[in-house]
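Data first, discussion second: the structure below is written as structure tokens.
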Amino acid sequence: MTTKIGVLVMSYGTPESLEGVEAYYTHIRRGHAPSPEQLKELKDRYEAIVGGVFPLRENTNRQVEALQAALNNGHAGEKVEFVCYQGLKHARPFIEDGVEAMAKDGITHGVGIVLAPHYSVMSVGTYIKRAKEKAEASGIEMAFVESYHLHPELIEVLSRRVSAKLDLFEEAGAVREDVRVLFSAHSLPERILSMGDPYRDQLLATSEAVAKQAGVRNWQFTWQSAGRTSEPWLGPDILETMHELSEAQVKYVLVAPVGFVSDHLEVLYDLDIEAQALASELDMRLMRIDSLNSDPAYMSVLSDVVRTAAGQFKVSQS
Ligand SMILES: CC1=C(CCC(=O)O)c2cc3nc(cc4[nH]c(cc5[nH]c(cc1n2)c(C)c5CCC(=O)O)c(CCC(=O)O)c4C)C(CCC(=O)O)=C3C
Ligand SMILES: [Fe+2]
């Protein structure tokens with residue numbers, strides 16, 4: 001008999017249409033509706049990236065599908081079958097909907113994983129908390145993957161992407177060592193540091209490992225996409241960093257947003273439009289590494305850590 005293990009694949013979520021942006025933004029703001037100015041600003045950013053299409057939705061769908069295939073392919077005859085369920089933080093299907101779907105299918109054991117490699121109590125921590133609460137109420141035993149920021153295959157695929165773009169810089173006439181590699185991630189409020197949160201250290205560890213593997217010495221870490229609130233957010237922001245680099249006569253910049261795994265607003269707008277506009281203003285050549293999306297190497301990372309987490313259930317050892 002095959003045992004089914006549910007895999008709750010969690011991601012940030014994105015609206016389904018421009019009409020859905022208000023409800024989405026209100027959810028992110030914990031039930032407080034944005035002002036008309038804030039709403040317009042966010043809608044404008046979505047419209048700027050792809051004219052009202054929301055790439056994160058398709059990317060997440062594909063990632064969930066590809067993970068399901070990666071978990072089961074080549075494992076025919078095994079006693080365990082993995083069934084993936086999607087659970088989004090700020091859009092439908094919500095994290096709770098995913099757990100409910102597992103329960104409806106009679107799943108008794110599940111593994112939860114977030115499509116973000118680094119742990120923060122304010123990011124991955126809140127996904128896990130919500131999934132745990134719903135799973136307990138639904139009678140499902142769940143194990144969670146908290147982070148996978150130093151998985152060797154993750155470091156490998158990211159370093160290959162950095163090297164590929166450095167090749168392009170060289171082909172365009174730049175000296176490889178002159179290209180400043182900027183590793184970046186979503187900023188969070190500064191107070192996470194006094195809470196002993198591992199987020200920053202994990203991001204620095206990923207950056208250092210990727211730089212080492214790609215043979216890059218000219219690099220630094222910088223934040224991006226900070227929230228627009230009155231409390232201080234982790235900095236320096238990438239735009240500030242670019243100004244500093246320009247003053248130091250740096251002409252070539254490669255951004256590697258290692259905190260993200262998909263093409264979405266923070267990559268397609270904050271980097272490809274906003275940072276790119278500043279680069280041309282500063283007469284700087286800026287490139288970024290391609291997002292992982294559903295790259296088989298990333299799916300292999302995810303399936304490896306999911307299988308390891310599932311190993312703690314007796315069912316998967318029988
Ligand atoms: C750590 C982190 C990640 C990475 C880890 C993870 O993936 O979880 C992430 C990813 C994402 N954030 C996204 C979108 C937004 N985040 C916002 C606001 C906020 N993000 C925060 C944190 C993070 N966010 C925080 C602390 C806020 C302030 C409000 C609050 O305290 O919660 C806002 C409001 C407006 C604004 O501030 O820009 C939007 C629209 C999208 C989807 C893009 C798309 O749809 O293409 C993605 C993948
Ligand atoms: Fe966000």
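Side chains are part of it too, since the values below use all heavy atoms of this structure and drop only hydrogens, waters and symmetry mates. Each ligand, and each atom within it, is numbered from 1 in the order the structure gives. When a residue number appears, it is its place in the shown sequence, counting from 1.
- Considering all non-hydrogen atoms of both residues, Val305 and Val145 come closest at O-CG2, 3.8 Å.
- Pairs of residues two or more places apart, or lying in two chains, that qualify as salt bridge (charged side-chain N to carboxylate O under 4.0 Å, His left out) and include a residue from residues 180-197 are Arg191-Glu231.
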N/O to N/O under 3.5 Å, ligand 1 against protein:
from	atom 1	to	atom 2	distance (Å)
ligand 1	8 (O)	Tyr127	OH	2.5
ligand 1	12 (N)	Glu266	OE2	2.9
ligand 1	16 (N)	Tyr12	OH	2.9
ligand 1	20 (N)	Tyr12	OH	3.2
ligand 1	20 (N)	His186	NE2	3.3
ligand 1	24 (N)	His186	NE2	3.2
ligand 1	31 (O)	Arg30	NH2	3.2
ligand 1	38 (O)	Arg45	NH2	2.8
ligand 1	38 (O)	Arg228	NH1	3.4
ligand 1	45 (O)	Thr14	OG1	2.5
ligand 1	45 (O)	Tyr46	OH	2.6
ligand 1	46 (O)	Leu265	N	2.9

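- Residues Thr206 and Leu158 form a side-chain contact, since some pair of their non-hydrogen atoms from C-beta on lies under 4.5 Å apart.
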Run the salt bridge (charged side-chain N to carboxylate O under 4.0 Å, His left out) check on Glu22 and Lys43 step by step: do they pass?
-> CA-CA 9 Å; Glu22 184 166 10; Lys43 277 189 175 174; over 6 Å; no
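- The closest side-chain heavy-atom distance from Leu282 to Met242 is below 4.5 Å.
- The minimum heavy-atom distance between Gln86 and Asn61, with the atom names listed, is NE2-OD1, 3.1 Å.
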